[in-house]
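Below, each value reflects all heavy atoms present in this structure, side chains not excepted, and no hydrogens, waters or symmetry copies. Residue numbers start at 1 and run along the sequence shown.
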Amino acid sequence: MLGWAWGSVALAAETVTPPSPAPTAPAPVVSAPPVEDDGTPTITIVGDRFARWDRTRWYAEMQLGFPLPFPLYAARNNEVRVTALQVRTELFCEKAFRRGKKGFEVHCDVRDLGLQAVVFDQVAPHAQEVLDEYDRKISEADLILFASDDGRINDVGFEGFEASNNRELTQREGARQLMLRLISGFHMKVPKPENTYDGQWVEHNPALLRLPVVNQVNGMSFSPEGKGGSVQYETFTSMGSSYVVHQIDRYKGHQVVQSEGKGLVTDGAENEDQGNQYLVTLHGVALYDPSSGIMTERVYAVTGETTASSRLADGWGGSLYFHSGRLQKLADEAPKAVVGPTRRVAPPGAPATDALPAWVPME
């Protein structure tokens, strides 16, 4: 349904590469479809505000490029650092527990997962083992979403992803950061009709304009043997200020929401002298079912570049971040989604080799 929009939005992600001395051009702005009537469109959630989690199937995919290598830990000793990755999955979600008057805990079964990663280290003999371990542990666990009745996803977690020591806790947090990025497209705060103006409303600090942040610090290793002297990583919360302007129009029986956003966010480091600031932009399109108010599909592209005063920009013009993805509600009778293999791949734009298949941009 969103092929015309996804082609435009995906272009933003395809033209962005991992850290490079040269900044890329900004993502194209998706043009608005024609409005079919003169009424002011609004999104009206009818009946159950959590109906999209009432035993529903979803296909989710994303591609993500990190300004700094992102560490993925095996439970025992091995680790790899990745600079870009693609995640594809099929989720089966259902409401589990009430969380107050306006929230629900939603459990999603990860029915299949495909994880393709660009590894930073030239020599990484255990890369496939580490990727397979993340695939297995995420697939065996339930993904927990903490959803609000206004369309937000406030947090995610796991049930069944066991962690009994610091290294396994760090592994689980890395997996949680990746899945948080994957489902962040679900997060769109729907306003009350009186808070819209000509079909527009503003959302502050949306999930899509937050960064997956892992900073390198000196310290002891997380190995269960307790051996010290290696690099340790700490995960911080992305901070800053951002906003998105949403515009809703009626088009061919659907409610189309276009989103344009920007912001200035940091990597969350406690020491400001060691941190980085990113100028981020968002372009996206979503479809809502007018009879239920449920988002049925969304595509988006986020790009970010470090500011001139950031540590990563010192002397070479900045470091880039990209995140694009797609969500689609699947019919009950639809065939199983194809998520592809879990494997190491060549960097975006690089040719395939005997050892590494090519990175194929998501379409």
Side-chain angles (χ1 to χ4, degrees), residues 2 5 9 13 43 45 49-54 56 58-64 87 89 91 93 95-96 99-100 102-108 110 143-158 176-192 195-196 200-213 237-248 255-263 265 268 280-289 292-304 321-329:
L2 283 183
V9 177
I43 295 176
I45 300 177
R49 287 179 170 264
F50 298 94
R52 64 173 169 168
W53 310 120
D54 195 4
T56 51
W58 294 89
Y59 173 72
E61 66 179 17
M62 74 164 181
Q63 53 188 17
L64 191 63
V87 180
T89 189
L91 303 172
C93 300
K95 298 175 291 186
R99 293 294 184 184
K102 298 183 178 181
F104 240 108
E105 182 177 309
V106 178
H107 288 200
C108 294
V110 182
L143 183 65
I144 311 300
L145 313 183
F146 299 94
S148 296
D149 64 355
D150 59 4
R152 292 176 296 162
I153 305 297
N154 296 316
D155 204 355
V156 304
F158 288 110
R176 193 188 74 85
Q177 288 281 339
L178 297 184
M179 298 306 286
L180 181 61
R181 302 272 70 75
L182 179 68
I183 61 88
S184 58
F186 282 118
H187 180 117
M188 183 189 291
K189 186 176 180 181
V190 177
K192 297 179 181 179
N195 293 334
T196 64
Q200 284 192 354
W201 73 97
V202 178
E203 181 181 1
H204 295 280
N205 300 318
L208 280 171
L209 293 181
R210 301 171 193 166
L211 304 180
V213 180
T237 301
S238 174
M239 300 179 293
S241 178
S242 60
Y243 70 91
V244 176
V245 177
H246 301 289
Q247 171 71 53
I248 180 170
Q255 292 181 325
V256 181
V257 178
Q258 296 181 96
S259 304
E260 301 286 331
K262 62 176 61 177
V265 297
V280 290
T281 59
L282 163 68
H283 307 276
V285 182
L287 284 183
Y288 278 79
D289 182 344
S292 65
I294 296 175
M295 181 196 297
T296 58
E297 193 168 355
R298 189 181 192 185
V299 294
Y300 57 86
V302 178
T303 57
Y321 164 77
F322 68 85
H323 174 204
S324 61
R326 178 180 183 179
L327 303 170
Q328 184 177 16
K329 189 175 181 293

Side chain [X], main chain [Y], donor-acceptor under 3.5 Å:
{"X": "R181", "Y": "Q63", "value": "no"}
{"X": "W201", "Y": "K189", "value": "yes"}
{"X": "R298", "Y": "H187", "value": "yes"}

Within this structure, what is the [atom1]-[atom2] distance for the pair [X] and [Y], rounded to the nearest 0.5 Å?
{"X": "R52", "Y": "F186", "atom1": "CZ", "atom2": "CZ", "answer": "6.5 Å"}
{"X": "L209", "Y": "S242", "atom1": "CG", "atom2": "OG", "answer": "4.5 Å"}
{"X": "K262", "Y": "E260", "atom1": "NZ", "atom2": "CD", "answer": "9.5 Å"}
{"X": "I248", "Y": "Q255", "atom1": "CD1", "atom2": "CD", "answer": "4.0 Å"}
{"X": "I294", "Y": "D289", "atom1": "CD1", "atom2": "CG", "answer": "6.5 Å"}

Least distance between heavy atoms, [X] atom then [Y] atom:
{"X": "Q177", "Y": "L211", "result": "OE1-O, 4.5 Å"}
{"X": "V106", "Y": "A147", "result": "CG2-CB, 4.3 Å"}
{"X": "V265", "Y": "S241", "result": "CG1-N, 4.4 Å"}
{"X": "N154", "Y": "S148", "result": "ND2-OG, 2.6 Å"}
{"X": "L208", "Y": "S184", "result": "CD2-OG, 3.1 Å"}

Side chains of [X] and [Y] in contact at under 4.5 Å (non-hydrogen atoms):
{"X": "T303", "Y": "L282", "result": "no"}
{"X": "I144", "Y": "E105", "result": "yes"}
{"X": "V202", "Y": "V244", "result": "no"}
{"X": "Y288", "Y": "V256", "result": "no"}
{"X": "L145", "Y": "W53", "result": "yes"}
{"X": "M62", "Y": "H323", "result": "yes"}

Notebook entry, point to check: Does S259 have any side chain to side chain donor-acceptor pair (under 3.5 Å) partners at least two apart in sequence or in another chain, and if so, which?
Noted result: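 Side chain to side chain donor-acceptor pair (under 3.5 Å) check on S259 returns H246.
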Return the set of residues passing side chain to side chain donor-acceptor pair (under 3.5 Å) with T56 (not counting sequence neighbours), or none when no residue passes.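 Side chain to side chain donor-acceptor pair (under 3.5 Å) list for T56, sorted by chain: W58.
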Under 6.0 Å from the six-membered ring centre of F50 and within 45° of its axis: does the NZ or CZ of K95 meet both?
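The answer is no; the distance or angle limit is not met.
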Exercise. Might you work through the side-chain contact (heavy atoms from CB on, under 4.5 Å) test for S324 and V302, ending with a clear yes or no?
Key: CA-CA 6 Å; S324 61; V302 178; over 6 Å; no
* To do: Using a strict cut-off of less than 4.0 Å between a Lys/Arg side-chain nitrogen and an Asp/Glu carboxylate oxygen, indicate whether D155 and R99 qualify as a salt bridge.
  =>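 Answer for the salt bridge query: no.
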Item to check | Under the salt bridge (Lys or Arg N to Asp or Glu O under 4.0 Å) test, residues paired with R152 that sit two or more places apart | outcome: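 Salt bridge (Lys or Arg N to Asp or Glu O under 4.0 Å) check on R152 returns D150.
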- Mind checking side-chain contact (heavy atoms from CB on, under 4.5 Å) for A60 and listing every partner two or more places apart, or none if nothing turns up?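 If we apply the side-chain contact (heavy atoms from CB on, under 4.5 Å) test to A60, skipping adjacent residues, the hits are T89, L182, L327.
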The test is side chain to side chain donor-acceptor pair (under 3.5 Å); show your working for Q247 and Q258 and say whether it passes. CA-CA 5 Å; Q247 171 71 53; Q258 296 181 96; over 6 Å; no
Quick one: ring pair (Phe, Tyr, Trp, His ring centres under 6.0 Å) partners of F158, sequence neighbours excluded?
->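 Checked F158 against ring pair (Phe, Tyr, Trp, His ring centres under 6.0 Å); matches are F161.
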So, using ring pair (Phe, Tyr, Trp, His ring centres under 6.0 Å) as the criterion, who are the partners of H204 when residues are at least two apart?
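So H204 forms no ring pair (Phe, Tyr, Trp, His ring centres under 6.0 Å) with any residue.
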Q. So I153 and F146, side-chain contact (heavy atoms from CB on, under 4.5 Å) or not? Walk me through it.
A. CA-CA 6 Å; I153 305 297; F146 299 94; 6.0 Å; no
Report the C-alpha separation of V285 and Y300 in whole Å, then their side-chain angles, then the decisive distance to 0.1 Å, and conclude whether the side-chain contact (heavy atoms from CB on, under 4.5 Å) test is met.
CA-CA 6 Å; V285 182; Y300 57 86; over 6 Å; no
Can you check side-chain contact (heavy atoms from CB on, under 4.5 Å) on E297 and K329, steps first, answer last? CA-CA 6 Å; E297 193 168 355; K329 189 175 181 293; over 6 Å; no
